[in-house]
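Structure record follows, encoded as structure tokens.
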Protein chains: 2
Amino acid sequence: MGIPATAKIDRKSYEPAYAQLAKILKRQISDGIYRPGDRLPSEAKLCEAYDVSPMTVRRVVNMLVEQGVAVAEQGRGTFVKPLGLGTAVFHLDALQQFFDDAENTRVKLLETRIVSADERTARKLSISQNQRVVFIRRLISQNGIPSLYHREYLIYDPERPIIEAEMEVTSLRGLFSGASESTLKWGNLLIEATILRDEEARVLNSQSGAAAFRLEHIFYDFDNQPLSLGWFISPGDRLHFKTSVGIQE
Amino acid sequence: MGIPATAKIDRKSYEPAYAQLAKILKRQISDGIYRPGDRLPSEAKLCEAYDVSPMTVRRVVNMLVEQGVAVAEQGRGTFVKPLGLGTAVFHLDALQQFFDDAENTRVKLLETRIVSADERTARKLSISQNQRVVFIRRLISQNGIPSLYHREYLIYDPERPIIEAEMEVTSLRGLFSGASESTLKWGNLLIEATILRDEEARVLNSQSGAAAFRLEHIFYDFDNQPLSLGWFISPGDRLHFKTSVGIQE
DNA sequence: CATTTTAACTTCTATATACAAGTTTATAAC
DNA sequence: GTTATAAACTTGTATATAGAAGTTAAAATG
């Protein structure tokens with residue numbers, strides 16, 4: 001019967017069997033041997049064809065499903081998933097690239113000030129309107145070119161030692177890469193397209209009215225209390241997001 | 001010894017044991033029982049504490065790692081991962097929402113025309129500059145409000161039957177949700193912040209110079225030949241992307 | 001005291017097995 | 001011919017087991 005093993009699994013390789021089989025199947029899909037909508041061989045047949053145990057095949061199928069390459073329907077089979085734009089994701093690590101090469105990147109602390117929360121800040125941070133917050137403005141430059149403007153309101157609480165650590169100019173980097181920051185539990189993010197206002201354009205050495213991304217963030221602690229509200233602003237000509245859909249290569 | 005089972009697994013539940021255990025562990029992390037950087041109990045101890053097999057625990061740990069909640073280091077242990085902005089992902093299915101309620105959404109075909117490829121189009125589609133391509137302009141409106149403007153250049157090849165299907169006004173929806181479209185294998189996506197030009201503002205019933213997202217796409221077939229180059233443009237006040245990082249709830 | 005070796009512990013891969021649950025197809029019954 | 005039944009096949013869950021590979025800390029050795 002049609003055992004479609006186009007490649008074998010090298011048991012002497014350091015690459016695990018499940019990774020090899022996943023690669024083989026994805027390659028076959030990429031080559032058009034299995035087209036979108038087609039049914040992949042059943043797990044039992046894959047076991048026999050590639051001489052691996054059912055659990056290993058199971059793992060491979062799960063990987064393909066999680067990667068969005070296939071969909072599994074109980075009792076029917078596993079089918080190659082057609083390309084769908086809605087499944088595309090773009091990663092924020094494009095921003096992280098700013099901090100990766102520490103040599104060419106400089107974080108400049110423009111201002112730290114204690115102010116009274118305005119209406120919007122108070123509402124989003126779940127505090128009263130007259131309560132005091134720490135206002136921070138930072139500018140991230142790369143090779144001398146300012147590319148990220150950051151404004152942030154921080155809850156001002158003398159009992160919590162967060163503020164000092166947060167004020168460190170280097171703390172931004174840890175926020176992206178996931179260093180310490182063990183006081184933060186989760187955050188809400190919002191990306192908008194906007195245009196630079198006068199002050200933003202001045203700081204970023206750009207033109208007022210130019211296209212820009214705005215990333216709003218609210219971070220919460222382990223008591224689900226808002227700790228921070230802020231925005232990253234980057235001119236559109238200095239930042240973009242790339243991604244891809246479907247089966248590569 | 002410290003067996004930290006704060007909840008038990010209900011074997012009579014329809015929810016699989018691995019899902020229950022994953023939920024329990026995530027809840028404990030969310031509650032601060034295990035803080036970022038802390039080591040989770042070893043797999044052996046989890047087996048004993050929750051009375052499940054090693055493979056089930058293995059599966060749960062893998063889930064947590066894939067979800068970005070924890071990191072596993074061979075020989076050392078599994079540790080709670082601190083929140084990192086760089087791990088954030090934005091899903092493009094925000095765009096798909098436009099097509100979900102078919103009643104309120106209308107796709108209008110503004111123009112289809114056969115033109116000669118200009119320099120940029122020819123380069124990105126890997127064709128010669130004088131070669132003919134199909135140019136399509138579409139407008140997607142929701143509740144009468146135009147919210148997406150789509151321009152696309154399609155390879156014109158009489159031998160390939162793609163064009164007719166692509167020209168269907170409904171084909172856009174299939175592109176997002178992942179319907180047929182079995183001729184497309186993969187695509188490159190680029191998201192930029194831009195401002196509306198005169199023609200775009202006119203079509204979108206907006207103002208020239210307003211902030212907007214631009215999503216460029218290039219799709220390839222199973223021979224890795226470019227088939228389509230196009231752009232979605234949406235005013236910034238009618239589209240934004242939300243997501244979150246860390247451990248919810 | 002410094003170094004090496006050993007033991008204990010960790011995650012990681014892989015197999016073999018059993019049964020549950022859903023779908024499809026062939027068979028039997030009416 | 002239509003309907004019910006049964007069989008075969010599919011993915012899904014769960015267990016028990018074995019060993020590989022990496023880390024850490026204690027014990028042995030010099």
Side-chain angles (χ1 to χ4, degrees), chain A residues 1-5 8-25 29 34 37-81, chain B residues 1-5 8-25 29 34 37-81:
Chain A
M1 244 280 289
I3 299 174
K8 283 187 177 287
I9 291 178
D10 179 15
R11 308 315 284 249
K12 290 173 293 186
S13 168
Y14 288 105
E15 196 178 13
Y18 71 88
Q20 291 185 49
L21 180 53
K23 196 176 287 185
I24 290 172
L25 289 179
I29 294 173
Y34 303 115
D38 288 355
R39 216 196 71 181
L40 292 177
S42 73
E43 300 181 359
K45 285 183 182 169
L46 288 175
C47 290
E48 191 199 359
Y50 293 94
D51 195 31
V52 288
S53 77
M55 281 302 295
T56 302
V57 168
R58 205 79 250 294
R59 183 172 182 175
V60 171
V61 171
N62 276 333
M63 286 175 64
L64 296 182
V65 169
E66 281 162 13
Q67 291 173 13
V69 176
V71 284
E73 298 181 28
Q74 187 173 359
R76 298 205 341 113
T78 305
F79 303 88
V80 179
K81 197 174 175 181
Chain B
M1 246 283 289
I3 301 173
K8 284 187 176 289
I9 290 179
D10 179 15
R11 309 314 286 246
K12 290 173 293 186
S13 169
Y14 288 104
E15 195 177 15
Y18 71 87
Q20 291 185 49
L21 181 53
K23 196 177 287 186
I24 290 173
L25 289 178
I29 294 173
Y34 303 115
D38 288 354
R39 216 196 72 182
L40 292 177
S42 75
E43 300 181 359
K45 285 183 181 170
L46 288 176
C47 289
E48 192 199 359
Y50 293 95
D51 195 32
V52 288
S53 77
M55 281 303 294
T56 303
V57 168
R58 203 80 252 293
R59 184 172 181 177
V60 171
V61 171
N62 275 333
M63 287 175 64
L64 296 183
V65 170
E66 281 162 12
Q67 292 172 13
V69 176
V71 285
E73 299 181 27
Q74 187 173 359
R76 301 208 336 118
T78 306
F79 302 87
V80 178
K81 195 174 175 183

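Because the structure is predicted, anything quoted here is derived from the model rather than measured.
Nearer the 5' end of DNA chain C, as judged by each residue's closest nucleotide, is the contact made by A/Y18, out of A/Y18 and B/Y14. Between B/M55 and A/N62, the one whose closest nucleotide on DNA chain D sits nearer the 5' end is A/N62. With the nearest nucleotide of DNA chain C identified for both B/S42 and A/P54, B/S42 has the one nearer the 5' end.
Across the protein-nucleic acid pair, B/R11 atom CZ and D/dT13 atom P stand 13 Å apart, rounded to whole Å.
With rounding to the nearest 0.5 Å, the separation of CD in B/E43 from CD in B/E48 is 14.5 Å. Taken from CD1 in B/I29 to CG in B/D38, the straight-line distance is 9.5 Å, to the nearest 0.5 Å. Atom NZ of A/K23 sits about 12.0 Å away from atom CD1 of A/I9, to the nearest 0.5 Å. To the nearest 0.5 Å, the span separating SG on B/C47 from CZ on B/R58 amounts to 10.5 Å. Once rounded to the nearest 0.5 Å, the distance linking CD of A/E73 with CZ of A/R39 reads 11.0 Å. Rounding to the nearest 0.5 Å places CZ of B/R59 at 10.5 Å from OG of B/S53.
Taking 4.0 Å as the cutoff to heavy atoms of chain B, we find the contact window on DNA chain C bounded by C/dT10 to C/dA14.
Side-chain contact between A/L25 and A/L46 is present, with heavy atoms from C-beta onward closer than 4.5 Å. Residues B/L40 and B/L64 meet the side-chain proximity criterion, which asks for heavy atoms closer than 4.5 Å.
Contacts of A/R59 with the nucleic acid, taken as non-hydrogen atoms under 4.0 Å apart, involve only primed sugar atoms and P, OP1 or OP2.
OP1 or OP2 of D/dT15 sits under 4.0 Å from a side-chain N or O of B/T56.
Contacts of residues 67-80 of chain A with DNA chain C (heavy atom under 4.0 Å): A/Q74, A/G75, A/R76.
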